[in-house]
Amino acid sequence: MAMTGKEARLLACVALVVLLLLVETTAPSGQAHAIDCGGACSYRCSKSSRPNLCRRACNTCCQRCGCVPPGTAGNEDVCPCYAHMTTHNGRHKCP
């Protein structure tokens with residue numbers, strides 16, 4: 001049973017729609033990464049010499065990236081977005 005060109009195009013369109021629906025329903029939404037930025041940043045900045053400044057920067061980074069590296073310093077490989085965010089001057093933004 002051979003398909004005509006019209007049937008093949010219709011099948012391709014249906015397959016594309018199904019694929020797009022699958023991607024849309026399985027892709028994480030912005031709320032799927034619900035993280036307590038306040039708590040995570042308070043701990044991250046607990047040993048900082050300027051904790052208020054640290055928490056403010058950390059909260060901004062957390063809101064944008066949806067993650068905060070574990071510990072009070074380092075471990076930035078766990079959250080690459082957090083690690084690569086910079087200020088307007090090109091300096092590292094996230095503590």
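Taking OG of Ser46 as the start and CZ of Arg55 as the end, the distance is 9.5 Å to the nearest 0.5 Å. Separating the CG atom in Asp77 from the OH atom in Tyr82 is a distance of 13.5 Å, to the nearest 0.5 Å.
Contact detail for Thr87 and His92: the closest heavy-atom pair is CG2-O, 4.5 Å. Nearest heavy atom pair, residue Gly66 against residue Ile35, reads O-CG2, 3.7 Å. A pairwise comparison of heavy atoms in Pro69 and Glu76 identifies CG-CA, 4.0 Å as the closest pair. Smallest separation of non-hydrogen atoms from Ala73 and Asn75: O-ND2, 3.6 Å.
Checked against the 2.5 Å cut-off, the SG-SG distance between Cys67 and Cys81 does not fall under it.
Of the candidates Arg44, Arg56, Met85, Met85 is the only one forming a side-chain contact (heavy atoms from CB on, under 4.5 Å) with Cys61. With Pro95 as the fixed residue, the side-chain contact (heavy atoms from CB on, under 4.5 Å) test singles out one of Cys41, Pro51, Cys45: Cys45.
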Exercise for the section: Could you please spell out the steps behind the side chain to side chain contact (heavy atoms under 4.5 Å, CB included) verdict for Cys58 and Val68? Expected result: CA-CA 8 Å; Cys58 179; Val68 174; 4.1 Å; yes

